[in-house]
Amino acid sequence: MRRNVAVSAIRLIRGRRFAAPWLHESGILSPPFSLFFSNFHSDRPSSPKVPTIDFSRIHALDDAIHLFHDMLRMRPQPSVRAYSKLMSVTVKMKHYSFALYMFDEMRLRGAPVDEYTMTIAINCYCLLKRVDFGFALLGIFFKSGYEPNVTTFSTLIKGQFLDDKVADTVKLFKKLLDFRICEPNDVMILTVIDGLCKAGQIIAARDLLCRLERTRWRPNVKAFNALLDGLCKGGLVDDAFQLLSKMIHNGISPDVFTYSSMIQGLCNVGRLKDVKDLLNEMANSNISLNVVTFNILIDALCKDGKVKEAEEVLGIMLQQNINPDIFIYTSLIDGYCLRGEINKAKQVFDSIVDGGLKPDIISYNSLINGYCKEGRVDEAWLLFLEVPCKGLEQNIRTYTTMIHGLFSKDRFNDGWKLFKDMEARQVHPDLHTYSTLLDGLCRNGETEEALLLLRMIEGKGVNPNIVTYGALINGLCKNGKLGVARDLFNQLPSRGLQPNVQIYTMIIGSLCEEGFMEEAKSLLVEMETRGCAPDIVTYNVIVRSLLKKNELHEAIPFLEEMPQRGFSVDPATFSMLIDQVQGQNEDDFLLKLMKIVLPKEIVS
DNA sequence: TTAGGGTTAG
């Protein structure tokens with residue numbers, strides 16, 4: 001019964017989603033045996049000898065296909081180990097459905113299979129996100145007289161996590177323990193802890209790890225690292241610190257992975273002082289930084305606009321004979337782009353090849369984004385066109401960045417043409433793409449179309465986020481549709497979203513411009529009570545909106561409040577102020593204004 | 001011979 005399930009599962013997969021081009025036998029065109037076999041020509045043909053197969057010569061799917069068909073024709077048959085090895089080499093090349101095809105053929109032709117080949121097959125189903133077929137294969141296990149072992153179950157657990165079946169996985173793990181079906185080992189424990197963390201169940205992972213600590217299956221450093229990484233990624237850095245002391249207290253020495261996760265977590269929340277302490281701790285424990293740790297530091301500095309310091313860290317890394325990888329180059333490119341130093345970014349991009357590496361699609365995307373941000377859209381476009389010439393494929397981010405760049409220069413037709421091209425190439429738009437398109441429509445004054453697009457996005461089951469709504473609210477305000485913008489703004493809580501400071505600022509600015517001062521003031525209070533403090537932009541926008549209407553006196557209370565909040569008047573607001581003040585004849589008023597706007601030392 | 005942590009982008 002179970003066998004039938006498994007066989008039909010395989011047929012189903014073969015017949016449907018993974019229709020394979022290798023289903024023909026290798027014929028006269030296949031390479032000679034000697035390509036893969038090192039001692040095929042035996043001295044004594046009368047006593048057939050199983051040749052040694054050189055798996056290191058398999059570099060592509062074609063090699064595996066030819067070798068497999070050669071192996072099937074061999075007499076005597078190669079060992080089950082040889083077949084397992086070929087399957088696992090194929091899996092490493094990520095050709096899961098071919099590995100499954102081999103397994104299927106082996107069984108049909110009576111080639112040997114054992115628990116290893118079956119576990120590899122299960123792994124393939126798991127990696128193809130068909131853990132259900134993996135479970136179905138357990139039937140073949142029992143039918144063949146084999147018992148699934150701890151590796152088989154670990155594989156299935158990983159498969160369930162990949163398939164988002166978190167609750168089922170917890171049940172399975174508990175069952176394995178309760179019924180003593182197998183002893184969990186380090187890999188299984190790590191798989192469960194890591195899977196729970198990646199599924200966002202960090203507290204459950206921590207509870208499990210604590211419970212396991214009191215058993216004979218004590219988690220090792222890797223399991224602790226997985227949990228610690230989960231805590232850091234979830235922003236729970238202080239809990240991670242507690243866990244770190246606990247593991248040290250329990251005699252588990254942290255390693256470079258432990259510290260890398262901690263440093264990443266601290267960088268994410270801007271606790272650079274603690275990063276320094278940890279780096280000292282690493283030095284004291286004789287734990288060297290690796291290329292990833294360096295990248296975390298370099299990336300954090302670049303994101304903070306401190307590219308010079310990032311270059312210094314790079315220098316230390318080079319002194320330690322660690323070569324930069326593509327991640328480090330990309331961090332530096334982003335860092336320079338963020339500062340608007342696009343030519344420096346291009347220099348870093350060009351130096352990737354000098355480092356013996358090739359730019360990947362992410363480094364292209366970063367540079368394309370940099371050129372677009374600087375308004376140098378034509379240069380971005382040339383890079384965009386270069387991508388396929390380098391054997392790479394433009395992905396959703398490449399397209400969205402480029403479309404955004406074109407829209408920002410009001411090249412709406414080109415942007416839409418590119419969007420159509422993207423769809424034709426089966427690159428599927430995501431929320432960022434939709435937000436970009438919405439923003440583009442609004443910039444072009446097509447707010448009706450933007451609202452239609454929003455409905456279409458919602459209809460597709462994609463949940464617009466606050467950025468999407470922000471683009472639309474901004475567009476509506478700028479196109480004089482404050483009423484519609486406010487309706488949308490008021491609907492945000494019912495859609496599970498809280499307006500951010502930018503959205504409040506847009507609405508408040510528009511209310512000021514339209515003369516709804518009381519409403520603007522009450523929204524200003526509201527945002528503060530909701531824990532969304534107005535910022536320097538909010539105040540500048542309010543002042544400018546009032547100045548646009550020549551309401552200088554209305555603006556004064558806001559101008560007076562700005563220094564108290566540590567905000568200054570930005571250049572655009574300042575020049576508007578100067579224009580308005582020229583018409584005033586009241587000396588006292590002017591002095592008052594100067595006291596607000598200019599630094600104290602200049603006024604005195 | 002099977003299963004195993006961390007880093008990149010609007």
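Chain naming here is simple, since letters A, B, ... match the order of the sequence lines and numbering starts at 1 in each.
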ask   = Rounding to a whole Å, what distance do you find between A:Asn149:CG and B:dG4:P?
value = 14 Å
query = In whole Å, what is the span from the CG atom of A:Asp299 to the P atom of B:dT8?
reply = 7 Å
Looking at the side chain of [X], which of [options] is the nearest nucleotide?
X        : options              : answer
A:Asn185 : B:dG10, B:dT2, B:dA3 : B:dA3
A:Ser366 : B:dA9, B:dG10, B:dG5 : B:dA9
A:Ile362 : B:dG5, B:dG4, B:dT8  : B:dT8
A:Thr151 : B:dA9, B:dG5, B:dA3  : B:dA3
A:Lys233 : B:dA9, B:dT1, B:dG6  : B:dG6

inquiry  = Can you tell me whether the base of B:dG5 sits syn or anti, using the 90° cut around 0 to define syn?
reply    =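 Chi for B:dG5 falls in the syn range.
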ask   = Is any side-chain N of the basic residue among A:Asp168 and A:Lys165 closer than 4.0 Å to the acidic one's carboxylate O?
value = no
ask   = Do A:Arg443 and A:Asp439 meet the salt-bridge criterion of a basic N to acidic O distance under 4.0 Å?
value = yes
task = Please say whether more than 12 non-hydrogen atoms of neighbouring residues, nucleotides or ligands are located less than 6.0 Å from CD in A:Glu183.
result = yes
Less than 3.5 Å between a donor and an acceptor, one on the side chain of [X] and one on the base of [N], is that the case here?
X        : N     : answer
A:Asp186 : B:dG4 : no
A:Thr330 : B:dT8 : no
A:Thr191 : B:dG4 : no

task = Under the ring pair (Phe, Tyr, Trp, His ring centres under 6.0 Å) rule, collect the residues that match up with A:Tyr399, sequence neighbours excluded.
result =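 Partners of A:Tyr399 by the ring pair (Phe, Tyr, Trp, His ring centres under 6.0 Å) criterion, ordered by chain and then number, come out as A:Phe384.
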